[in-house]
Amino acid sequence: MFKKLAIVFVAVFGVLLAVPTMSPKLAPYFPSWARPIPLGLDLKGGAQLLLEVDTNTMFQEKSAQLYDEARSAMIDRDRGVIRFSNLRNVDGVVSLVVREDDDVSRAKGRLKSVLGSGVDISSSGRTITLKYTEKQKEEMVKDALARSIEIVRRRIDALGTKEPSIQSQGGKYILIQLPGVDNPEHIKDLIGQTAKMTFHLVNENVTQEQIASGRAPNGTQFLPYMENPQQVVPVYSRVEVSGESLKDSQADFDQNNMPVVTTAFDATGARKFARLTTEHVNERFAIVLDGKVLSAPTIREPIPGGRGQISGGFTLQGAKDLAVLLRSGALPAPLQVIEERTVGAGLGADAIEAGRVGSAVGVLFVILFMLVAYRTFGLIADIVLMVNLAMIIGISAFLGATLTLPGIAGIVLTLGMAVDANILPFERIRDEVREGVPTLRAVDLGFTRSTKTVMDGNLTNLICSLILFQFGAGPIRGFAVTLSIGVITTLFTCLALSRVLIDWYMGGKNKKIGYIKNK
């Protein structure tokens with residue numbers, strides 16, 4: 001008896017989970033974890049963006065870092081300077097020429113210890129070449145994709161966008177679906193910015209003639225102002241403090257009630273920022289974001305504590321956007337929008353209505369067939385079918401799955417398979433009764449002997465749906481999710497709940513089963 005009550009309790013609980021979805025007006029009376037199932041892009045309308053990670057730019061930046069690391073390793077005074085010349089970076093391959101033959105092996109050993117196993121180091125005579133291995137490049141792409149997805153997610157979440165879907169696709173692509181968003185331009189601009197912030201000292205020795213000629217001295221680069229690209233600032237290439245040391249940034253107002261962005265560094269960044277502002281009082285330093293100068297203020301006094309303020313003629317929205325970008329971190333590589341699609345809410349409403357009508361018609365015909373073919377047992381099967389439908393919706397909502405058009409197709413397909421899972425034991429019961437077995441015994445044998453067949457058929461469907469979920473994307477995953485949940489609920493309702501309801505109907509008696517005609 002306890003087993004039967006437990007089965008009924010699970011069924012009722014699954015049905016209750018579906019109530020907030022089936023009747024949204026009742027949702028406030030349910031706990032927060034019993035929420036309505038969210039609708040996907042094709043049902044609710046919204047925007048879809050396909051982004052590509054710009055790996056070429058990333059590899060260029062990585063090779064530039066390799067250039068700097070190789071140079072630092074060769075002039076390391078603690079371990080002794082190794083004299084070299086012709087340090088170059090051409091097409092991602094860094095090369096240098098060691099001055100003395102005896103220093104070649106020592107230089108290679110030092111470079112290997114500093115750069116690690118991800119860099120291929122070879123030599124020809126006194127020329128040493130450095131380049132990243134193919135395996136290391138693959139790891140860089142995987143890491144860049146994973147970090148980009150996490151950063152994009154933080155940026156979108158910070159904007160309050162509800163129920164976004166962000167997932168990798170094809171090795172270096174990111175698919176973003178934003179249900180309910182009809183104007184993706186602001187989000188596209190925000191997530192497309194690399195948001196790489198660095199602090200550089202300004203080279204005050206550069207003359208206006210040099211700036212006009214566009215030829216920057218060694219170790220210096222000319223960067224444009226963000227607000228006025230025609231005006232450039234000569235900054236030293238050396239990064240004094242990196243934005244990676246930022247731990248927080250917020251939009252605020254200064255003493256003149258103008259929007260600014262406040263920043264707070266971690267312990268390492270705070271030490272570097274304090275040293276920078278202490279050693280260079282009355283000098284200018286540039287705050288650079290994605291290769292453009294936000295501002296170039298003069299250091300009036302040391303700034304200990306790691307807290308700063310960025311001003312640049314921001315609007316309030318601009319200050320908020322910049323704070324979000326800095327707070328979420330810099331993208332490891334630029335993202336390019338290669339596909340953009342907008343689905344109107346009206347189209348989604350039409351899709352919902354079409355799916356509802358199609359599902360209702362299909363379920364109605366199934367219900368009528370079961371009633372005609374199996375009478376009272378058919379009515380029990382129809383009740384189980386409705387419980388199965390409710391459980392699929394309720395469990396999907398509980399797990400946070402998103403309902404899409406392919407998901408609706410998965411539900412309808414599941415209901416068709418669920419009917420088959422009822423027909424098999426019913427037909428087996430019919431065969432047993434025709435062989436002269438008493439009704440109660442026939443019911444027991446019918447379910448027992450058909451269980452293996454039902455399990456085999458549904459488990460193969462479950463395996464296929466799990467494979468679709470693992471290797472599919474977007475709509476295919478939505479179909480696989482509802483199909484997987486449907487297989488599990490079908491096994492529960494058709495093999496357990498259906499048996500309980502039939503036992504209660506029989507009441508321990510050998511009742512006549514209406515759909516069975518004796519020979």
Side-chain angles (χ1 to χ4, degrees), residues 1-19 362-395 411-462 485-519:
M1 187 64 181
F2 175 78
K3 179 181 178 181
K4 294 181 179 179
L5 290 176
I7 292 172
V8 173
F9 173 79
V10 172
V12 172
F13 181 74
V15 172
L16 289 176
L17 287 177
V19 172
V363 171
L364 178 61
F365 275 106
V366 169
I367 289 174
L368 291 176
F369 170 79
M370 295 300 291
L371 284 174
V372 172
Y374 298 103
R375 312 284 179 82
T376 305
F377 276 30
L379 176 61
I380 292 174
D382 290 340
I383 294 173
V384 168
L385 193 67
M386 293 299 99
V387 172
N388 192 8
L389 173 62
M391 289 187 70
I392 294 172
I393 296 173
I395 294 175
I411 292 175
V412 175
L413 178 61
T414 299
L415 295 180
M417 294 188 298
V419 171
D420 184 57
N422 272 302
I423 289 176
L424 286 173
F426 290 175
E427 289 298 318
R428 187 72 191 190
I429 292 171
R430 174 182 281 168
D431 292 340
E432 297 295 338
V433 171
R434 285 176 174 173
E435 294 295 328
V437 178
T439 308
L440 285 176
R441 177 62 177 164
V443 170
D444 182 60
L445 290 175
F447 275 95
T448 301
R449 292 177 176 176
S450 63
T451 295
K452 185 177 185 299
T453 304
V454 174
M455 290 283 291
D456 288 345
N458 281 274
L459 287 178
T460 53
N461 288 330
L462 181 61
I485 295 173
V487 168
I488 296 172
T489 57
T490 294
L491 291 174
F492 170 76
T493 55
C494 294
L495 295 181
L497 182 61
S498 180
R499 176 69 186 275
V500 169
L501 295 179
I502 289 176
D503 285 348
W504 283 352
Y505 165 71
M506 300 292 291
K509 300 177 182 179
N510 285 307
K511 291 185 177 181
K512 182 179 179 181
I513 301 177
Y515 73 89
I516 298 178
K517 296 180 180 179
N518 294 324
K519 295 180 179 178

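Worth saying up front: this structure is predicted, and the values here are computed from it rather than measured.
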Go through Phe447 and Ile429 one step at a time and tell me if the side-chain contact (heavy atoms from CB on, under 4.5 Å) criterion holds.
CA-CA 8 Å; Phe447 275 95; Ile429 292 171; 4.1 Å; yes
Lys509: partners by side chain to side chain donor-acceptor pair (under 3.5 Å), with sequence neighbours left out
none
For residues 452-459, tabulate all N or O donor-acceptor pairs below 3.5 Å that involve a side-chain atom, not counting sequence neighbours.
from: Lys452; atom 1: NZ; to: Asp456; atom 2: OD2; distance (Å): 3.2
from: Asn458; atom 1: ND2; to: Val454; atom 2: O; distance (Å): 2.9

Sorted by chain and number, sequence neighbours left out, salt bridge (Lys or Arg N to Asp or Glu O under 4.0 Å) with Arg428 holds for Glu432
Applying side-chain hydrogen bond (donor to acceptor under 3.5 Å, both in side chains), which residue pairs with at least one partner in residues 383-392 are found, sequence neighbours left out?
Asn388-Thr489, Asn388-Thr490
Could you state the interatomic distance from [atom1] ([X]) to [atom2] ([Y]), rounded to the nearest 0.5 Å?
X      : Y      : atom1 : atom2 : value
Leu385 : Ile367 : CG    : CD1   : 6.0 Å
Ile380 : Ile502 : CD1   : CD1   : 5.0 Å
Leu445 : Asp431 : CG    : CG    : 11.5 Å
Met506 : Phe377 : CE    : CZ    : 5.5 Å

Please report the shortest heavy-atom distance between Leu495 and Thr451, naming the atom on each side.
CD1-CG2, 4.0 Å
Looking only at heavy atoms, which two atoms of Ala373 and Arg430 are closest? And how far apart?
O-NH2, 4.1 Å
Donor-acceptor pairs under 3.5 angstrom involving side-chain atoms of residues 413-426: please list them, not counting sequence neighbours.
from: Thr414; atom 1: OG1; to: Gly410; atom 2: O; distance (Å): 2.7
from: Asn422; atom 1: OD1; to: Ser498; atom 2: OG; distance (Å): 3.4

With sequence neighbours excluded, what pairs up with Leu368 under the side-chain contact (heavy atoms from CB on, under 4.5 Å) test?
Leu364
Name all residues meeting the side-chain contact (heavy atoms from CB on, under 4.5 Å) criterion together with Ile488; count only those two or more places apart in sequence or in a different chain, and write none if there are none.
none
Atom pairs and distances, donor-acceptor, side-chain atoms in residues 4-19, under 3.5 Å, two or more places apart:
none

Determine whether a donor-acceptor pair (N or O, by modelled atom type, separation under 3.5 Å) exists between the side chain of Asn510 and the backbone of Leu440.
yes
Which salt bridge (charged side-chain N to carboxylate O under 4.0 Å, His left out) pairs, counting each pair once, include a residue from residues 490-502, with sequence neighbours left out?
Asp444-Arg499, Arg499-Asp503
